[in-house]
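Let me begin by presenting the structure, written as structure tokens, before commenting on it.
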Protein chains: 2
Amino acid sequence: MSKIFFENLEQSIQNIHLGLVVDCVIFTFHEQKMKVLLNKYVLNDKWMLPGGFIFKDEDVDAAAKRVLKERTGIDNVFLRQFHLFGKNDRVNIDEKIKLMENYGIASDKLPTFLNRFASMGYFSFVKFDEVNLIEKEDDIYQWFDLDAIPQLSYNHNEIINKAIKMIRIQFDYLPIGYQLLPKKFTIVELRKINEGILGIEVDKRNFRKKMLASNLIISLNEVRQTDPYPKPNLYKFNQETINELLDQET
Amino acid sequence: MSKIFFENLEQSIQNIHLGLVVDCVIFTFHEQKMKVLLNKYVLNDKWMLPGGFIFKDEDVDAAAKRVLKERTGIDNVFLRQFHLFGKNDRVNIDEKIKLMENYGIASDKLPTFLNRFASMGYFSFVKFDEVNLIEKEDDIYQWFDLDAIPQLSYNHNEIINKAIKMIRIQFDYLPIGYQLLPKKFTIVELRKINEGILGIEVDKRNFRKKMLASNLIISLNEVRQTDPYPKPNLYKFNQETINELLDQET
DNA sequence: CCAAAAGTGTTTCCGTTACACCCATGC
DNA sequence: GCATGGGTGTAACGGAAACACTTTTGG
């Protein structure tokens with residue numbers, strides 16, 4: 001719901017699939033911490049999840065992909081449905097009306113548009129280095145630490161919490177580290193991701209042992225020279241194991 | 001989409017949430033086998049999943065509950081979202097048009113209705129004894145063995161397969177047996193459910209040991225007199241453990 | 001007398017957990 | 001000289017897997 005959308009509201013609405021939108025909880029990992037991408041319209045005072053409409057002729061999953069690409073520049077992204085938020089909730093509609101009024105649009109103009117929209121929640125993991133946050137004049141983006149999410153618009157705090165819950169439930173089936181880390185990474189980074197998602201501390205010796213015993217990662221016998229002292233060993237993922245995971249899951 | 005719905009199509013359509021429907025994969029357990037409930041309109045030649053529209057002012061989850069209650073008579077049912085099927089697929093629309101024509105309705109009458117509807121998939125587990133299949137003149141219901149599902153309308157075979165995949169992924173978090181079995185049950189029944197869902201055979205000694213070690217079930221020290229020889233011991237679920245499971249999951 | 005179905009124990013194996021010190025650098 | 005942060009090994013425990021025979025009724 002950006003400026004352009006509202007300026008052509010009556011026309012815009014002809015091209016969208018009614019009754020359903022997508023919202024994306026986009027995770028990344030940077031400086032040893034899990035982060036979530038949030039979005040703010042200049043005319044709105046609260047942050048919110050990146051989301052958007054579905055075009056009439058567009059697959060719903062494709063709409064989520066498009067939203068993600070529009071925001072991060074990343075194609076070919078890892079994206080999974082986790083929950084449909086389908087409460088018939090006045091609060092969301094009221095917030096929408098307020099936003100429209102901020103844009104100077106009479107709220108009684110388009111009754112169809114003011115019906116409830118259900119929101120399909122997607123989570124995604126992206127590599128921090130590959131992201132190019134694409135900002136427009138009235139539309140800004142920022143990464144927030146997972147443990148420092150502000151109060152968001154609509155029910156978006158609930159959506160993030162639910163995403164994390166669903167990720168934990170599916171944890172063993174998701175190639176999370178693979179999506180978040182660059183080609184070469186350290187075991188400590190992998191452990192920090194696990195800790196960030198699961199919300200617990202993990203014994204570092206046991207974690208290392210477990211990772212090496214699984215055939216998920218392969219040592220490159222190479223240390224990262226850019227680090228100060230103890231220069232950490234680098235690993236890569238075992239593509240075969242990752243592919244097996246991805247196959248199972250589909 | 002029953003007869004009454006079509007007879008009042010123009011009016012019916014005023015009251016429904018556009019763009020989204022629900023489809024339910026309802027599992028039960030009977031005679032040692034997992035079964036799925038299917039539905040057939042007399043005017044249609046293929047079986048399909050029970051499903052339905054969402055009313056304008058109705059929560060999406062509530063619509064799924066209502067659909068389930070209308071078909072099985074069961075209130076207060078265990079029901080979980082598992083996937084949104086949102087392909088922009090001509091085939092579904094063509095099947096819908098065909099069905100409308102069977103009801104004698106011109107297919108170009110209501111363009112809104114012929115737009116793509118995304119379908120939210122729910123799975124559910126119900127106790128066979130509590131079900132009262134509610135049939136109408138043009139609308140019949142039948143339980144099918146999980147390993148003998150016929151070819152269904154729309155993409156409904158795909159929906160069932162996905163439901164099973166998602167149940168397997170969440171298996172440890174779902175109180176499946178608890179939903180499917182009566183108050184008193186045998187360990188063999190519980191094992192058959194596991195085998196049915198996971199699609200594998202399970203060693204009966206190990207399974208028994210595991211169940212007794214978990215505090216999921218409690219022996220009633222009582223055998224089922226109605227069985228022939230070896231009269232099996234009866235167990236009940238430990239309500240506390242079940243409640244913990246249900247809490248985690250929400 | 002034999003087919004059917006529930007019940008029963010032991011051993012092996014492997015993954016999980018708990019736990020404390022070393023080392024070289026940069027400040 | 002000390003704070004930082006990655007790396008290292010062992011022992012105890014517990015859950016998972018493999019595996020075969022007994023029992024009695026009903027036909």
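In what follows, chains are A, B, ... by sequence order, proteins preceding strands, each numbered from 1.
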Identify every side-chain donor-acceptor pair in residues 165-174 of chain A under 3.5 Å, counting partners at least two apart or on other chains, and give the distances.
unit_1, atom_1, unit_2, atom_2, d
A/Lys165, NZ, B/Thr250, O, 2.8
A/Arg168, NE, A/Ile197, O, 2.8
A/Arg168, NH2, A/Ile197, O, 3.2

> Is the side chain of A/Asn238 donor-acceptor paired with the backbone N or O of A/Ile218 at a distance under 3.5 Å, no angle test?
Replying inline: no
> So do the side chains of B/Gln32 and B/Glu189 get within less than 4.5 Å of each other, counting heavy atoms only?
Replying inline: yes
> Side-chain contact, heavy-atom cut-off 4.5 Å: B/Val126 with B/Leu68?
Replying inline: yes
Taking side-chain hydrogen bond (donor to acceptor under 3.5 Å, both in side chains) as the test, write out the residues that go with [X], two or more places apart.
X        : answer
B/Lys69  : B/Asp75
A/Ser219 : A/Asn221, A/Asn233
A/Asp61  : A/Gln81, A/Tyr122

> Residues two or more places apart in sequence or in another chain: which of them pass side chain to side chain contact (heavy atoms under 4.5 Å, CB included) with A/Arg205?
Replying inline: A/Asp203
> Considering residues at least two apart in sequence or located in another chain, which fulfil the side chain to side chain contact (heavy atoms under 4.5 Å, CB included) criterion with A/Asn243?
Replying inline: A/Gln239, A/Leu246
>> Looking at A/Lys162 and A/Glu158, is any side-chain nitrogen of the basic one under 4.0 Å from a carboxylate oxygen of the acidic one?
In response: no
> What residue among A/Asp147, A/Asp145, A/Thr28 forms side-chain hydrogen bond (donor to acceptor under 3.5 Å, both in side chains) with A/Lys35?
Replying inline: A/Asp145
> So where does chain A start and stop touching DNA chain D, 5' to 3', when the test is distance under 4.0 Å to a non-hydrogen atom?
Replying inline: D/dG5 to D/dT10
> In residues 221-234 of chain A, which ones come under 4.0 Å of DNA chain D, going by heavy atoms?
Replying inline: A/Tyr229, A/Pro230, A/Pro232, A/Asn233
>> Under 4.0 Å, heavy atom to any atom of DNA chain D: which of residues 173-197 of chain A qualify?
In response: A/Val188
> Between A/Tyr178, A/Phe27, A/Phe29, which is the residue that forms a ring-ring contact (aromatic ring centres under 6.0 Å, His included) with A/Phe125?
Replying inline: A/Phe27
>> If you count heavy atoms of other groups shown closer than 6.0 angstrom to NZ of B/Lys87, is the number above 12?
In response: no
> Are more than 12 heavy atoms from other residues, nucleotides or ligands located less than 6.0 Å from atom NZ of A/Lys184?
Replying inline: no
> First contact, last contact: which nucleotides of DNA chain C are these for chain A, 5' to 3', heavy-atom distance under 4.0 Å?
Replying inline: C/dT16 to C/dT25
> Tell me the ring pair (Phe, Tyr, Trp, His ring centres under 6.0 Å) pairs involving residues 191-232 of chain A, sequence neighbours left out?
Replying inline: none
>> Within residues 206-214 of chain A, which residues have any heavy atom lying less than 4.0 Å from an atom of DNA chain C?
In response: A/Asn206, A/Lys209, A/Lys210
